[in-house]
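A short write-up of the structure that comes next.
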Amino acid sequence: MSATLLHADLDAFYASVEQLMDSTLRGLPIAVGGGVVLAASYEAKVFGVRGGMPGRQARRLCPELRFVPGHFSEYQRLADEVFAVCEDFTPVVERVSIDEAFIDVAGSTHLFGPAPDIAATIRRRVSDEIGLPLSIGVARTKHLAKIASQVAKPDGLVVVETERESEFLHPLPVELIWGVGPVTRERLEAEGITTIGQLADADPNQLEQLLGAAVGAKVASLARNDDPRRVTSGRRVRSLSAQSANRRRPPDPDFVTRTLLHLADRVSSRLRAKHRMGRTITGRVRFADLRAVSRSVTLAEATSSTSIIAEVARELVMNALADHPEEREISLLGVAVSGLEDEALDQPALPFAARSKPVARRDLERAVDGVREKFGRGSIGFASVELRAQGVPDPFRDLAERDL
DNA sequence: TCTGGGGTCCTAGGACCC
DNA sequence: TCTGGGGTCCTAGGACCC
């Protein structure tokens with residue numbers, strides 16, 4: 001088997017788009033966002049600015065940092081253009097997020113040449129035609145290709161020849177393995193394991209002891225370079241959720257009710273748009289100290305109803321709050337729906353009054369969906385007005401919940 | 001003045017059934 | 001009557017990814 005699998009990853013994507021659209025931003029440390037850094041340019045990363053970082057901290061690290069508001073619909077449009085270029089070479093393109101994808105060119109090399117040449121052509125075309133830097137890793141497996149693209153950044157191409165895989169992999173730090181985050185890295189380091197090579201040599205039983213059966217086995221097999229995953233397009237979503245952080249405040253029942261209605265509305269309208277319903281509803285609360293708790297319940301029947309999801313979530317959150325009377329303030333509320341099923345067939349065209357209550361309610365909510373489709377989300381809705389004023393802009397939420 | 005939002009998968013204990 | 005094992009579902013929490 002040869003190296004025909006590509007991992008393509010747009011560099012500092014949101015920030016690169018802003019620099020593309022406004023040439024005066026090029027070469028400058030910029031951050032997309034305000035209260036929170038959603039993305040930082042490479043010039044800003046040099047100072048230690050990272051995505052997810054509070055704006056204040058970022059300013060402290062880099063006083064000349066320029067904050068720019070996001071152009072969220074542009075991000076979607078440009079990313080789609082980039083991966084359309086990839087699809088000129090093969091239909092086997094698996095988007096894993098807005099800014100990255102796996103591409104299997106095994107069936108295309110007889111037309112377009114060796115995989116590294118295809119990768120170089122894609123990079124050149126994306127640069128010439130769209131103007132964005134794209135890093136690509138080429139290897140025999142997904143895992144190696146992904147690591148190669150990380151090593152290639154910024155704006156580079158790294159090819160891992162099949163006969164040099166161990167040579168490439170073993171000196172690299174363990175945190176480059178997909179699934180090794182801060183906690184796992186720390187645990188491994190405590191055992192003296194810091195490189196992938198050391199991990200590959202470690203006793204599998206010891207790793208399972210240390211990390212749990214599943215994580216231990218996965219990490220060990222990736223370190224030993226055993227990764228059978230194929231490139232596939234079209235996985236179905238397994239859960240949908242919405243949450244909103246707020247300034248610390250007492251859990252006033254009225255605020256909780258209105259916020260959960262808004263969140264339930266976001267989740268349920270997405271469910272209805274996908275013709276899906278869910279049986280398990282989860283309510284989440286985060287307290288002032290950032291400790292979070294959740295309560296969930298599985299219903300006898302799946303639902304996509306705004307009012308049912310909102311009401312159940314309210315009960316769950318109220319129960320969670322009652323279990324923690326010592327907590328005086330909350331900092332986040334969330335709603336999730338899982339256990340998804342395809343929507344049941346509609347009830348036949350009974351007269352409105354003769355339909356069951358849930359179906360009548362769903363018809364009402366569908367009507368709301370229809371108005372929004374025509375006039376925009378803000379045109380009609382549940383408790384959305386006050387929520388818009390706080391936190392992250394809705395266009396970013398829309399982007400985060402997009403379908404790839 | 002301690003960090004956004006949307007996801008996936010795993011674990012562990014308990015309930016319940018056979 | 002007691003003991004045992006296996007399987008599945010549910011719930012709460014956690015690690016990790018983009």
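The figures that follow rest on heavy atoms only: side chains count, while hydrogens, waters and symmetry mates do not. By convention in this document, chain letters (A, B, ...) are assigned in the order of the sequence lines, proteins followed by strands, and residues within each chain are numbered from 1.
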Can you tell me which nucleotide in [options] comes closest to the side chain of [X]?
X: A:Val183; options: C:dA15, B:dC2, B:dC10; value: C:dA15
X: A:Val297; options: C:dT11, B:dT8, C:dC18; value: C:dT11
X: A:Arg279; options: C:dC10, C:dA12, B:dG6; value: C:dC10
X: A:Leu332; options: B:dG5, C:dC18, C:dT11; value: B:dG5
X: A:Glu100; options: B:dT8, C:dC18, C:dG13; value: C:dC18
X: A:Arg56; options: B:dT1, B:dG6, B:dG5; value: B:dT1
X: A:Arg238; options: B:dG4, C:dT11, B:dT8; value: B:dT8
X: A:Pro182; options: C:dC16, C:dC18, C:dT11; value: C:dC16
X: A:Ser244; options: B:dC10, B:dG4, B:dG5; value: B:dG5
X: A:Gln243; options: C:dC16, B:dG6, C:dC18; value: B:dG6

With P as the reference atom in both, quote the distance from B:dT3 to C:dC18 in angstrom, rounded to an integer. 23 Å
Would you say [X] places a side-chain N or O within less than 4.0 Å of OP1 or OP2 belonging to [N]?
X: A:Thr282; N: C:dT11; answer: no
X: A:Arg295; N: C:dG13; answer: yes
X: A:Arg248; N: B:dC2; answer: yes
X: A:Arg284; N: C:dA12; answer: no
X: A:Ser296; N: C:dA12; answer: yes
X: A:Lys146; N: C:dC18; answer: yes
X: A:Ser294; N: C:dG13; answer: yes

Is the shortest side-chain N to carboxylate O distance from [X] to [Y] below 4.0 Å?
X: A:Arg187; Y: A:Glu191; value: no
X: A:Glu100; Y: A:Lys153; value: no
X: A:Lys142; Y: A:Asp227; value: no

With heavy atoms under 4.0 Å as the rule, sort [X] into base, sugar-phosphate or nothing.
X: A:Thr184; value: sugar-phosphate
X: A:Arg187; value: nothing
X: A:Val37; value: nothing
X: A:Leu299; value: nothing
X: A:Ala213; value: sugar-phosphate
X: A:Gln57; value: nothing
X: A:Arg286; value: sugar-phosphate
X: A:Val215; value: nothing

Starting from the 5' end of DNA chain B, give me the residue, A:Arg236 or A:Gly51, whose nearest nucleotide shows up first. A:Gly51
Residue pair A:Leu240/A:Gly52 against DNA chain B: nearer the 5' end by closest nucleotide is A:Gly52
A side-chain contact here means heavy atoms from C-beta on lying under 4.5 Å apart; do [X] and [Y] qualify?
X: A:Ser221; Y: A:Arg224; value: yes
X: A:Arg66; Y: A:Ile30; value: yes
X: A:Ile103; Y: A:Phe89; value: no

Rounding to a whole Å, what distance do you find between [X]:[atom1] and [N]:[atom2]?
X: A:Lys218; N: B:dC10; atom1: NZ; atom2: P; value: 8 Å
X: A:Glu175; N: C:dC16; atom1: CD; atom2: C1'; value: 14 Å
X: A:Glu208; N: B:dT11; atom1: CD; atom2: P; value: 9 Å
X: A:Leu316; N: C:dT11; atom1: CG; atom2: P; value: 9 Å
X: A:Glu315; N: C:dT11; atom1: CD; atom2: P; value: 15 Å
X: A:Asp323; N: C:dT11; atom1: CG; atom2: P; value: 15 Å
X: A:Trp178; N: B:dT8; atom1: CH2; atom2: C1'; value: 7 Å
X: A:Glu186; N: C:dG14; atom1: CD; atom2: P; value: 17 Å

Output yes when a side-chain donor or acceptor of [X] lies under 3.5 Å from a complementary backbone atom of [Y], and no otherwise.
X: A:Ser135; Y: A:Gly156; result: yes
X: A:Arg123; Y: A:Leu134; result: yes
X: A:Arg295; Y: A:Thr282; result: no

List DNA chain B stems (3 or more consecutive Watson-Crick/G-U pairs, under 3.5 Å)? B:5-18 with C:5-18
Where A:Tyr75 and A:Gly70 come nearest, the two heavy atoms and their spacing: OH-CA, 3.3 Å
